[in-house]
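Working notes for the structure below.
Remember, it's 1-based here, ligands and their atoms both numbered in the order they're listed.
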Amino acid sequence: MDYTAVIGLEVHAQLRTKSKLFCGCSTEFGGSPNRNTCPVCLGMPGVLPVLNRRVVEYTVMMGLATHCRIAEESVFARKNYFYPDLPKGYQISQYEKPVCEDGWIEVPVRGGVKRIGITRIHMEEDAGKLVHESGFDMSRASFVDFNRACVPLIEIVSEPDIRSPEEARSYMQTLRDIVVYLGICDGNMEEGSLRCDANISVMPKGADTFGTRTEIKNMNSFRFLHQALEYEIDRQIEVVEGGGRVVQETRLFDSDRGVTVSMRGKEEAHDYRYFPEPDLVPLRIDGDWISRARENIPELRSEKIHRYITDLDLPAYDAEVLTGDRAIADFFEAVVEAGAHPKAASNWVMGEFIRLVKDRGPEAGRISPVQVARIIALVDSQTISTSAAKEVFEEIFETGRDPERVIEEKGLTQVSDEGALREEVRKVLEDHPDEAAQFRAGKEKILGFLVGRVMKATKGKANPKMVNEILRDLLSK
Ligand code: ADP
Ligand code: MG
Ligand code: ZN
């Protein structure tokens with residue numbers, strides 16, 4: 001029998017604010033343990049939370065970018081559970097009245113795009129981190145670091161619209177593009193700034209009721225998400241085929257072994273004893289606030305890709321590469337703005353610029369978009385050859401110096417003087433009578449060799465296009 005997988009993702013994104021969700025402590029990653037804490041995020045008695053305004057702005061931006069309805073009034077709720085990394089014994093989250101609902105995003109899938117529904121987006125605080133250590137004398141100790149406690153998160157819950165591990169990965173990648181372009185999350189999955197829980201079930205192909213789902217917790221890479229889902233689909237099909245029933249439970253992905261393992265039975269909403277947070281008033285978001293958030297939304301990656309292809313006439317491949325990093329896309333656009341032809345700008349940014357940024361690090365780059373446009377213009381006007389331009393590019397990338405100066409100093413100006421070039425070509429033909437004869441006998445390919453000789457004789461400064469023309473001219477006589 002054939003099966004269909006049904007998948008819904010719950011994605012947590014850490015917001016890029018300076019301070020935490022309900023106190024003024026820093027959100028900085030990697031500080032010494034418990035440095036970024038205060039009585040509020042340590043859950044001391046008698047303290048009160050104060051909502052971080054920036055968190056609301058970021059969440060509304062995300063809601064708008066994903067076509068959600070923004071609630072005029074939303075409410076924080078206490079989600080009660082006991083765990084040593086949760087100092088208050090409850091997490092402040094949102095439950096019945098989240099800030100964003102009923103949205104969607106479009107996700108690239110095989111053969112086009114697919115619309116995936118967003119059920120809701122809500123704000124919540126992160127928990128701390130437990131560190132387990134065992135000493136040489138076999139004693140064990142657990143430590144707790146509350147630096148991350150109360151750091152702001154949004155949880156983005158999808159509809160069960162996803163049908164394969166590939167679609168799940170593509171959905172997650174698209175969400176990452178959106179939060180990174182919005183500038184509300186750094187998208188760093190290794191540091192846990194973006195992570196997801198995957199809900200998955202299987203049903204016979206064509207069925208209209210979903211099977212029982214399991215939830216795989218806390219995956220922090222696209223590859224693990226894909227692997228975990230593939231494994232879990234096979235596992236569930238095996239259970240069903242063997243006459244068994246899938247148990248609703250929470251599972252963990254063991255990336256070393258590539259398997260999911262049962263962690264605990266599924267907790268239900270009532271287990272958490274949700275109730276409205278009495279220390280925070282309901283959050284009201286008026287139209288003004290929403291319009292201001294809308295104004296802060298930049299062009300998103302998918303829109304950029306579309307515009308590069310349709311307006312700038314770039315190949316889809318170029319559009320994908322250039323927009324892979326918003327800073328690169330901004331740089332490319334500034335080169336075009338400075339007057340370069342889009343395809344030429346794309347070639348130089350995708351080629352030399354990205355190569356040097358990867359090699360030397362983005363901080364090392366001193367070259368400006370105007371300088372790149374200038375180099376392109378000098379190649380266009382045949383003042384310098386492409387290979388000379390690469391040399392100039394690298395020098396300016398490092399020093400930020402004036403292109404004309406560098407060209408002059410290095411003596412890279414291209415020879416386009418017809419008379420001088422004819423003389424060089426004549427000499428090369430004299431030195432290579434056999435090759436000249438072969439060309440005349442119809443061996444077209446030999447021309448490249450002759451061009452190469454002229455370039456060598458002129459130390460790469462000859463204008464190759466002119467060399468080509470002069471060679472053909474002299475050889476036809
Ligand atoms: P909970 O709060 O218990 O995690 P939700 O109803 O909020 O449950 O659903 C969580 C996620 O599970 C959502 O992304 C939803 O799309 C997905 N989901 C719900 N039912 C199924 C199912 N039968 N198979 C796969 N995913 C499902
Ligand atoms: Mg869940
Ligand atoms: Zn604090």
Option among Glu232, Gln248, Glu249 that satisfies the side chain to side chain donor-acceptor pair (under 3.5 Å) test with Thr214:
Glu232
Per-atom filter on ligand 1: closer than 4.0 angstrom to a heavy atom of Val6 are 24 (N), 25 (C)
Please could you name the atoms of ligand 1 that Glu159 approaches to less than 4.0 Å, counting only its heavy atoms?
16 (O)
Check whether the side chains of Glu241 and Tyr3 place a donor and an acceptor atom closer than 3.5 Å, and report yes or no.
yes
Less than 4.0 angstrom from a charged side-chain N to a carboxylate O is my criterion; do Glu395 and Arg405 meet it?
no
Backbone N or O of Val99 within a donor-acceptor pair of the Gln94 side chain at under 3.5 Å?
yes
For Leu9, take its heavy atoms, then give the atoms of ligand 1 lying under 4.0 Å from any of them.
14 (O)
Heavy-atom nearest neighbour of atom 6 (O) of ligand 1 within options Arg213, Glu155, Glu215:
Arg213
Can Lys390 be said to sit on top of Phe393's aromatic six-ring, NZ or CZ under 6.0 Å from centre and within 45° of the ring axis?
no
Tyr308 side chain reached by Glu333 side chain, heavy atoms, under 4.5 Å:
yes
Which ligand 1 atoms are under 4.0 Å away from a heavy-atom of Ser201?
22 (C), 23 (N), 24 (N), 25 (C)
Provide the number and element of each atom of ligand 1 under 4.0 Å from a heavy atom of Gly211.
23 (N)
Less than 2.8 Å from the Zn ion (ligand 3) is the window; count the protein N, O or S atoms in it.
4
Flag side-chain contact, heavy atom, 4.5 Å: Arg366 against Gln371
no
Contacting atoms of ligand 1, where contact means under 4.0 angstrom from a heavy atom of Val157:
13 (C), 14 (O)
For a quick check under 3.5 Å, do Asn199 and Arg213 share a side-chain donor-acceptor pair by atom type?
yes
Applying a heavy-atom cut-off of 4.0 Å, say which part of Glu10 lies close to ligand 1: side chain, backbone, both or neither.
side chain
Is a side-chain donor or acceptor of Asn34 paired with a backbone partner of Phe146 at a separation under 3.5 angstrom?
yes
In terms of side-chain geometry, is the basic nitrogen of Glu277 or Arg78 positioned less than 4.0 Å from the acidic oxygen of its partner?
yes
With atom 26 (N) of ligand 1 as the reference point, say which of Ile116, Asn199, Asp197 has the nearest heavy atom.
Asn199
